[in-house]
Amino acid sequence: MDLYLNSLSFTANIVAPIFFIVFLGYLLKRVRVIDENFINTASRLVFVITLPALVFMSISRTDFHAVFNPEQLGFVLFGTLLSFIALWVIAKRWIRKPEDLGVFIQGAFRSNYGIIGLAVSYNLFSDSGLAQASLLLALVIPLFNVLSILALSIPAQRSGSSSLTSTAMEVLKNPLIIAVCLALPFSYFGFQLPEVAQKTGRYFANLTLPLALLAIGGSLNLQSLRNTSAQATWATLSKLVILPVALTMMAWLYGFRGQDLTMLMVLFGCPTAAASFVMAKGMGGNAELAANIILMTTLGSVVSLSSGIYLMKVLAVI
């Protein structure tokens, strides 16, 4: 009994602070302490400045040779591509509208790993978890963006070449990708920043998670749940239950254990990225469906991520 109580307490300490801040953002928006301008500005600040600073600081201060795990990166690539293909093959059999198909696929595979994943990884494994998560983020950022473009453009029979070209340029200009590229030499060769630069970077990095989580909470619209469709429900179940369970089991059978296995579970089990709404709206997809998937997966991940971490703890994986 003590084992289960300790595991439950461990899980609550990991997950609860993250979603308390998300809920606080929702409340502050409701009582008009923050507004849409704050949310837009905070989201932009996180994307352009503070999250790249967090990624840079976490990677640059880490021994690259100690955390680099090509097998884990390879499994993430394999698992993401497998999920994408499986979702496409299954969904096109029952989703007829092109504007719905792409949004469903994107919502079911694209994780909000840059915010929720980093926060959970840090709470679980401190600096080593954050550094490992940052390297995984360097892979999934371009991967998610390219696959999302394919999901949204091909069903609508858009010109794939121009979309892919513009996507490639956006990936290259992505602040997170730039941060990773700048940080890797520091990590690989053991370079050190001057103390004043390290302190400045830490100040910006420390802003990231609370600011981003408040913005996520402030952007939630619970009233939209009234218009929830079967497609949003199945996308949510796929994102939070079916794919994380299947891929985590595959990772375990392959031989991943401990921190590596838990990090994979968190990556595949994170809610749908908020950026999927922006991309769906900009490319002519069903924006309402995208918003519902984001909302349902964000709320549902409170239970699903907590359950996953709890099981990992009970089974002595963590």
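- Judged purely by atom type and a 3.5 angstrom limit, Thr248 has no side-chain atom pairing as donor or acceptor with the backbone of Val245.
- Rounded to the nearest 0.5 Å, atoms CD1 (Ile90) and CD1 (Ile85) are 12.0 Å apart.
- Looking only at side-chain heavy atoms (C-beta outward), Tyr254 and Glu71 come within less than 4.5 Å of each other.
- A donor-acceptor pair under 3.5 Å is absent between the side-chain atoms of Gln132 and the main chain of Met263, judged by distance alone.
- Sorted by first and then second residue, the pairs that involve residues 51-73 and meet ring-ring contact (aromatic ring centres under 6.0 Å, His included), not counting sequence neighbours, are Phe56-Phe186, Phe64-Phe68, Phe64-Tyr188, His65-Tyr188.
- Distance check, rounded to the nearest 0.5 Å: CD1 of Ile309 to OG1 of Thr262 gives 8.5 Å.
- A donor-acceptor pair under 3.5 Å links the side-chain atoms of Thr233 to the main chain of Ser229, judged by distance alone.
- Few gaps surround CZ on Phe19; more than 12 heavy atoms of other groups in view lie less than 6.0 Å from it.
- Side-chain contact between Asn145 and Ile149 is absent, with no heavy-atom pair separated by less than 4.5 Å.
- Proximity of a side-chain donor or acceptor of Thr41 to a complementary backbone N or O of Phe38 within less than 3.5 Å is not detected.
- Counting only distance, with no hydrogens or angles, the side chain of Ser134 and the backbone of Leu130 share a donor-acceptor pair below 3.5 Å.
- At a threshold of 4.5 Å between non-hydrogen side-chain atoms, the residues Asn112 and Ile216 count as touching.
- No donor-acceptor distance shorter than 3.5 angstrom exists from the side chain of Ser121 to the backbone of Ala133, with no hydrogens or angles considered.
- With Thr208 contributing its side chain and Leu54 its backbone, the two residues share no donor-acceptor pair below 3.5 Å.
- At a threshold of 4.5 Å between non-hydrogen side-chain atoms, the residues Ser111 and Val140 do not count as touching.
- Nearest approach of Asp260 to Gln72, heavy atoms of both residues: O-NE2, 3.1 Å.
- Linking ILVMFWY residues whenever their side-chain heavy atoms come closer than 4.5 Å, directly or via other members, leaves Ile18 and Val303 in distinct clusters.
- In this structure, the side chains of Leu81 and Leu147 come closer than 4.5 Å at one or more pairs of heavy atoms.
- Checked by atom type and distance alone, the side chain of Ser43 never pairs as donor or acceptor with a backbone atom of Asn40 at under 3.5 Å.
- Contact annotation: the side chain of Gln259 approaches that of Ser128 to within less than 4.5 Å [non-hydrogen atoms, C-beta and beyond].
- Between Thr80 and Phe144, the closest side-chain pair of non-hydrogen atoms falls below 4.5 Å.
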Pair Ile141, Ile177 - check side chain to side chain contact (heavy atoms under 4.5 Å, CB included), show working. CA-CA 8 Å; Ile141 288 171; Ile177 296 296; 4.1 Å; yes

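- The closest donor-acceptor contact from the side chain of Lys239 to the backbone of Phe268 lies under 3.5 Å.
- The line from CD of Gln198 to CG of Leu193 is 5.5 Å long, rounded to the nearest 0.5 Å.
- The backbone N or O of Ser148 lies less than 3.5 Å from no partner atom in the side chain of Gln106, so there is not a single donor-acceptor pair.
- For residues 174-201, the set of pairs meeting the salt bridge (charged side-chain N to carboxylate O under 4.0 Å, His left out) definition, not counting sequence neighbours, comprises Glu195-Arg202.
- In Phe23, the CZ atom is not crowded: 12 or fewer heavy atoms of neighbouring residues, nucleotides or ligands sit closer than 6.0 Å.
- A ring-centre distance under 6.0 Å is found for Trp88 and Phe84.
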